[in-house]
Amino acid sequence: MTAPSDKTRVLTGITTTGTPHLGNYVGAIKPAIAASQDPSVQSYYFLADLHALIKCQDPKRVEASRLEIAATWLALGLDTDNAIFYRQSDIPEIPELTWMLSCVCAKGLMNRAHAYKAAVAENEEAGNQDPDKGISMGLFGYPVLMAADILMFHAQRVPVGRDQIQHIEMARDMAGRFNHLYKGQYFTQPEAVVDERVQVLNGLDGRKMSKSYENTIPLFVSEKKLLKLVRKIKTNSLEPGEPKDPDTCTLFQIYSAFATTEETAAMRTEYANGIGWGEAKNRVFEYLNAHLREPRERYQALLEDPGHIEAVLRQGADRARAEAAPFMDRLRHAVGLGRFV
């Protein structure tokens, strides 16, 4: 089946297990919001809350994360008139399609999934007799659920990091297998899109910014907390007046991810002239705080009005289901599960 419109279909999922941080914004949210405003693109953005259950069994954390992430995307300008923004769990056709795909997906394909292999390797390194100890079917079958997310809406392009390319290839495999078995072009073959220009920000300790390392700077912390976190960013022992290398500096990297080309060039000159670390951190804080002040205010207002967020997501789910429900009806007929009359 070809895409139902002339627009390019692009799909992105956001796992709801954490609080969005600067790295999320630069690496995923900012480019995605720009795409949501492109009239030639039909964007699908969803809160991957079913995926969240694989790693997180804390209901309060999942619930809070769903609200925080939805508020973040809306505060930063997601165009929900053009893009379709929904919760994965509001689309019952997704788990139904997951089961259909599971029935055509080879177990051997899942055995080769990176996340599963990594979990098995950890068990073996730990000396566990059972290589599958602690591994849930959710983790094992995660790529099938991801394939259902993508194939349900005939996504043509799926922006991912390099570590996710394998999942797109698996979705293509499942789509091809289903089309072959049931003798029809039911699914569009998706393409992985890896943007090499997207930056991966370092965190407070110089490693990749990640909640796993507890080194993140949340997007919408208070001014006081933001200043405290910026001052914790790891720097070297060079004194004021000594030239500093901006290309190996986390502080400069974070600044340049938000600043204009001209502002970045000016800061580079300041580094060559020996700017002190205290002054550099104050400059970075002031710049980030000014950049985030308005969306922070919108974010706080949204958190105080969960009814509005709920209405936006329900509207998105209605639009998504307007496509998903008739497509699932077609698939049920294809596999022999259609109504008799």
Side-chain angles (χ1 to χ4, degrees), residues 1-16 35-36 41-53 66 69-70 73-74 78-105 138 141-158 167-168 170-172 174-190 307-341:
M1 173 181 281
T2 56
S5 77
D6 293 332
K7 291 185 176 184
T8 301
R9 294 182 154 231
V10 180
L11 181 138
T12 299
I14 311 105
T15 306
T16 55
S36 80
V41 174
Q42 180 58 73
S43 297
Y44 296 79
Y45 299 110
F46 65 96
L47 304 179
D49 48 0
L50 296 178
H51 286 289
L53 302 182
R66 293 197 308 168
I69 290 173
W73 283 68
L74 294 175
L78 182 70
D79 185 347
T80 54
D81 291 328
N82 185 35
I84 298 178
F85 186 46
Y86 58 97
R87 275 179 302 230
Q88 183 186 37
S89 59
D90 283 339
I91 316 298
E93 292 81 8
I94 293 291
E96 184 177 358
L97 179 55
T98 300
W99 178 249
M100 285 190 184
L101 295 175
S102 295
C103 293
V104 302
C105 177
Y142 163 77
V144 187
L145 178 56
M146 185 170 175
D149 292 324
I150 295 165
L151 299 177
M152 177 63 77
F153 297 106
H154 313 289
Q156 296 157 306
R157 296 164 63 84
V158 185
H167 289 145
I168 311 305
M170 288 177 165
R172 291 174 60 87
M174 287 175 241
R177 180 68 175 157
F178 189 99
N179 288 346
H180 173 73
L181 283 172
Y182 294 105
K183 299 178 174 58
Q185 292 302 310
Y186 298 99
F187 296 117
T188 299
Q189 291 278 355
H308 174 72
I309 297 175
E310 182 69 23
V312 170
L313 291 170
R314 290 304 305 167
Q315 183 181 45
D318 289 344
R319 292 174 66 191
R321 291 202 68 203
E323 296 184 25
F327 183 47
M328 272 311 304
D329 191 53
R330 181 171 182 245
L331 294 178
R332 290 187 201 107
H333 281 280
V335 302
L337 299 180
R339 293 182 178 86
F340 293 132
V341 293

Side-chain donor-acceptor distances from residues 142-149 under 3.5 Å, at least two apart:
unit_1 : atom_1 : unit_2 : atom_2 : d
D149   : OD1    : Q88    : NE2    : 2.9
D149   : OD2    : H51    : NE2    : 2.8
D149   : OD2    : Q88    : NE2    : 3.1

May I ask you to test the [X]-[Y] pair for a side-chain heavy-atom distance under 4.5 Å?
X	Y	result
L97	M328	yes
Y186	R330	yes
M174	R177	no
L47	Y86	no

Quiz item: Distance-only, no hydrogens or angles: does the R172 side chain make a donor-acceptor pair with backbone N or O of P190 under 3.5 Å?
Solution: yes
How would you list, by chain and number, every residue that makes a side chain to side chain contact (heavy atoms under 4.5 Å, CB included) with [X], sequence neighbours excluded?
X	answer
H308	L302, D305, V312
T12	Y45, P159
S89	D49, L50, R66, R87
A324	I91, E93, M152, F153

Going by the rule side chain to side chain donor-acceptor pair (under 3.5 Å), which residues pair with [X] if we only count those two or more places apart in sequence or in a different chain?
X	answer
Y44	R9, E323
R314	D90
N82	K7

Quiz prompt | Euclidean distance, F85 CZ relative to D79 CG, rounded to 0.5 Å | solution = 12.5 Å
Practice problem: Among L313, I14, L11, find the one that has a side-chain contact (heavy atoms from CB on, under 4.5 Å) with F46. | Solution: L11
Quiz prompt | R319 atom CZ: more than 12 heavy-atom contacts under 6.0 Å | solution = yes
Quiz item: Which atom names give the shortest non-hydrogen contact between T188 and Q156, and what distance separates them?
Solution: CG2-CG, 4.1 Å
Quiz item: Between A70 and I309, which heavy-atom pair has the shortest distance, and what is it?
Solution: CB-CG2, 3.7 Å
Exercise. Using the side chain to side chain contact (heavy atoms under 4.5 Å, CB included) rule, take Q42 and V10 through it: C-alpha gap first, then chi angles, then the decisive distance, then the call.
Key: CA-CA 6 Å; Q42 180 58 73; V10 180; over 6 Å; no
Quiz item: Quick check, are the ring centers of F178 and Y182 under 6.0 angstrom apart?
Solution: yes
Quiz item: Are any of the side-chain nitrogens in D318 or R321 under 4.0 Å away from the carboxylate oxygens of its partner?
Solution: no
Please tabulate, for side-chain N and O atoms in residues 334-341, each donor-acceptor pair with protein atoms closer than 3.5 Å (sequence neighbours left out).
none

